[in-house]
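Data first, discussion second: the structure below is written as structure tokens.
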Amino acid sequence: MCTLLLYAVVFAGAAYIFRQIFVKGKRCESQLNLTGKTVIVTGSNTGIGKTTAIDLAKRGARVILACRNEQRGLSALEEVKKATGSSQVVFMQLDLGSMKSVRSFAETFLKNESRLDILINNAGLFMQGRTSDGLGLTFGVNHIGHFLLTHLLLDRLKQCGPSRIVNVSSIGHNFGNIDFDCLTTHKALGLGTSLKEVFQCYTASKLCNVLFTYELAKKLQGTQVTCYSLHPGAIKTEIWRNTSSLMQLAIASLMAFFFKNPVQGSQTTLHCALQQGIEHLSGRYFNNCTVRDVYPKAKDDVAAKRLWELSEKLTGLA
């Protein structure tokens with residue numbers, strides 16, 4: 001009995017140390033005040049998007065909660081207002097799986113808002129299917145929707161410079177590979193529906209995020225707009241809500257010890273959005289509030305250019 005108790009104490013101590021060193025992570029150290037600034041956060045009705053919005057609203061920013069589900073978005077709006085005491089928080093409906101919705105959002109925003117200082121492309125999903133435009137759902141939401149949104153808002157960002165674009169990716173991009181033949185033929189990163197195939201589509205979409213940021217930085221040279229991609233950490237959020245019950249049970253077990261909470265998970269997003277002195281790192285990838293090197297495939301000039309040109313074609317920008 002004493003031996004079991006000793007093992008339990010040792011395990012608990014080791015788990016605590018692991019969480020403090022590897023899970024909890026660094027915090028954004030910026031004390032920047034955002035009064036008079038306007039920020040858009042996509043997917044901000046839950047998870048790290050919502051905690052990011054709360055932090056920015058506390059700093060005085062006018063925060064646009066850009067969310068697909070109106071009911072959940074309005075509920076988040078009340079939560080953010082209550083948590084911050086700010087009246088400068090607005091909900092606007094945005095379905096990244098519909099290019100019509102993206103264009104409508106951008107048109108309404110540009111008509112009603114005079115500024116845009118920070119665009120945080122945070123929304124993402126982990127599931128298979130098709131968008132209303134016939135694209136693979138993971139590719140359409142995680143990459144194409146944000147690609148189009150960024151382009152439609154880019155002139156406003158330039159007008160309000162210095163400004164920033166933050167693309168929430170994942171360390172999963174290391175496992176991603178973009179099948180351009182499949183993309184060209186089927187407008188999807190993959191066609192299977194098994195857990196393995198859905199995971200492959202997800203990691204490929206996260207690689208798209210990093211390559212998009214890498215190429216975007218080149219095109220923004222000479223402007224006052226900078227951009228960054230990042231891994232927020234393994235987070236206790238609802239991104240897994242569309243997976244099987246067995247998968248959710250397994251993830252819930254892992255979450256207890258190895259996943260960050262949304263506040264911890266939002267720190268690298270906030271670092272990229274706020275930290276002064278990182279402008280020269282535009283186009284780079286961050287993890288744990290620190291710039292990181294990436295594998296060659298995540299800074300492949302040919303692949304980045306090819307993805308950009310295909311994305312322009314699919315969105316009708318070219």
Side-chain angles (χ1 to χ4, degrees), residues 42-43 66-69 93-107 119 121-154 165 167-170 172-219 227 229 239-244 295 297-318:
T42 69
C67 315
R68 181 185 63 82
N69 186 290
Q93 193 165 24
L94 170 64
D95 180 359
L96 289 161
S98 164
M99 284 187 262
K100 180 180 179 181
S101 175
V102 174
R103 292 182 182 280
S104 176
F105 173 91
E107 181 181 357
L119 171 61
N121 291 320
N122 163 81
L125 52 73
F126 183 97
M127 64 184 296
Q128 197 61 293
R130 290 279 174 177
T131 70
S132 60
D133 304 293
L135 304 177
L137 188 59
T138 301
F139 174 65
V141 171
N142 292 6
H143 170 63
I144 286 292
H146 285 133
F147 179 89
L148 178 58
L149 178 67
T150 300
H151 278 71
L152 296 176
L153 300 177
L154 199 51
I165 300 164
N167 296 319
V168 178
S169 179
S170 164
H173 82 272
N174 289 325
F175 306 101
N177 291 288
I178 302 173
D179 185 342
F180 282 102
D181 290 335
C182 185
L183 265 185
T184 302
T185 305
H186 302 287
K187 300 180 181 180
L189 292 165
L191 302 174
T193 56
S194 69
L195 178 59
K196 178 182 177 181
E197 290 163 327
V198 175
F199 178 75
Q200 289 173 337
C201 287
Y202 175 77
T203 56
S205 75
K206 296 291 100 179
L207 179 57
C208 287
N209 296 155
V210 179
L211 286 171
F212 168 45
T213 308
Y214 178 69
E215 185 70 11
L216 179 60
K218 298 179 190 177
K219 298 183 181 301
C227 59
S229 64
I239 192 173
W240 312 103
R241 64 182 178 271
N242 296 304
T243 59
S244 67
Y295 291 132
K297 66 180 177 181
K299 53 182 178 181
D300 183 320
D301 292 294
V302 174
K305 183 179 179 181
R306 189 175 181 185
L307 176 64
W308 185 282
E309 292 174 347
L310 179 59
S311 300
E312 284 186 321
K313 181 179 178 181
L314 292 173
T315 54
L317 293 171

Exercise. For Tyr295, enumerate each residue passing the side chain to side chain contact (heavy atoms under 4.5 Å, CB included) test, keeping only those at least two apart in sequence or located in another chain.
Key: Asn174, Lys297
Practice problem: Would you mind telling me which of Leu148, Thr150, Leu154, Leu149 makes a side chain to side chain contact (heavy atoms under 4.5 Å, CB included) with Leu152? | Solution: Leu148
Practice problem: Please report the shortest heavy-atom distance between Val102 and Gly145, naming the atom on each side. | Solution: CG1-O, 4.0 Å
Exercise. Let me see the working for Leu307 and His143 under side-chain contact (heavy atoms from CB on, under 4.5 Å), right down to the final yes or no.
Key: CA-CA 10 Å; Leu307 176 64; His143 170 63; 3.9 Å; yes
Quiz item: Within the side chain of Asn209, is there an N or O that forms a donor-acceptor pair under 3.5 Å with the backbone of Asn142?
Solution: yes
Quiz item: Do you see a donor-acceptor pair shorter than 3.5 Å between the side chains of Tyr214 and Asp301?
Solution: yes
Self-check item: For Ser194, all residues meeting side-chain hydrogen bond (donor to acceptor under 3.5 Å, both in side chains), sequence neighbours excluded
Solution: Glu197
Quiz prompt | Test log, rule side-chain contact (heavy atoms from CB on, under 4.5 Å), inputs Leu314 and Phe139 | solution = CA-CA 11 Å; Leu314 292 173; Phe139 174 65; 3.7 Å; yes
Self-check item: Approximate separation, where rounding is to 0.5 Å, of Ser205 OG and Ile144 CD1
Solution: 11.5 Å
Quiz item: CG/Leu207 to CD1/Ile178 distance, rounded to the nearest 0.5 angstrom?
Solution: 4.0 Å
Practice problem: Could you list the residues that satisfy side-chain hydrogen bond (donor to acceptor under 3.5 Å, both in side chains) with Thr203, not counting sequence neighbours? | Solution: none
Quiz item: Who passes side chain to side chain contact (heavy atoms under 4.5 Å, CB included) against Glu309, sequence neighbours left out?
Solution: Lys305
Practice problem: Output the distance between atom NE2 (His186) and atom CG (Asp179), rounded to the nearest 0.5 Å. | Solution: 8.5 Å
Self-check item: Between Asp95 and Ser101, a side-chain donor and acceptor under 3.5 Å
Solution: no
Exercise. Taking all heavy atoms of Ala188 and all of Cys182, pick out the closest pair and write down the distance.
Key: O-SG, 3.3 Å
Quiz item: Taking C-beta and beyond as the side chain, do Leu135 and Met99 meet within less than 4.5 Å on heavy atoms?
Solution: yes
Self-check item: Pairing residues for His151 by the ring-ring contact (aromatic ring centres under 6.0 Å, His included) criterion, not counting sequence neighbours
Solution: Phe147, Trp308
Quiz item: Quick check: does any side chain N or O of Asn167 sit under 3.5 Å from a backbone N or O of Asn121, one acting as donor and the other as acceptor?
Solution: no
Quiz prompt | Partner residues of Ala204 under the side chain to side chain contact (heavy atoms under 4.5 Å, CB included) criterion, sequence neighbours left out | solution = Leu189
Quiz item: How long is the span from the NZ atom in Lys299 to the CG atom in Leu211, to the nearest 0.5 Å?
Solution: 12.0 Å
Quiz item: Taking only residues two or more places apart in sequence, or in another chain, which ones meet Ser170 in a side-chain hydrogen bond (donor to acceptor under 3.5 Å, both in side chains)?
Solution: none
Practice problem: Output all residues satisfying side-chain hydrogen bond (donor to acceptor under 3.5 Å, both in side chains) with Ser169, sequence neighbours left out; order by chain, then residue number. | Solution: none
Exercise. Name all pairs fulfilling the salt bridge (charged side-chain N to carboxylate O under 4.0 Å, His left out) condition that reach into residues 199-216, sequence neighbours left out, sorted by first residue then second.
Key: Glu215-Lys218, Glu215-Lys219
Quiz item: What residues, two or more places apart in sequence or in another chain, satisfy ring-ring contact (aromatic ring centres under 6.0 Å, His included) together with His173?
Solution: Tyr285
Practice problem: Write out all pairs satisfying side chain to side chain donor-acceptor pair (under 3.5 Å) with one or both partners inside residues 131-140, taking only residues at least two apart or from two chains. | Solution: none
Practice problem: To the nearest 0.5 Å, tell me how far Phe212 CZ sits from Ser229 OG. | Solution: 10.5 Å
Exercise. Mind listing the closest non-hydrogen atom pair of Leu137 and Gln128 along with its distance?
Key: CD2-O, 3.9 Å
Quiz prompt | Spatial distance of atom CG (Leu125) from atom SG (Cys201) [nearest 0.5 Å] | solution = 11.0 Å
Quiz prompt | Min side-chain heavy-atom separation Leu94-Leu96 under 4.5 Å | solution = yes
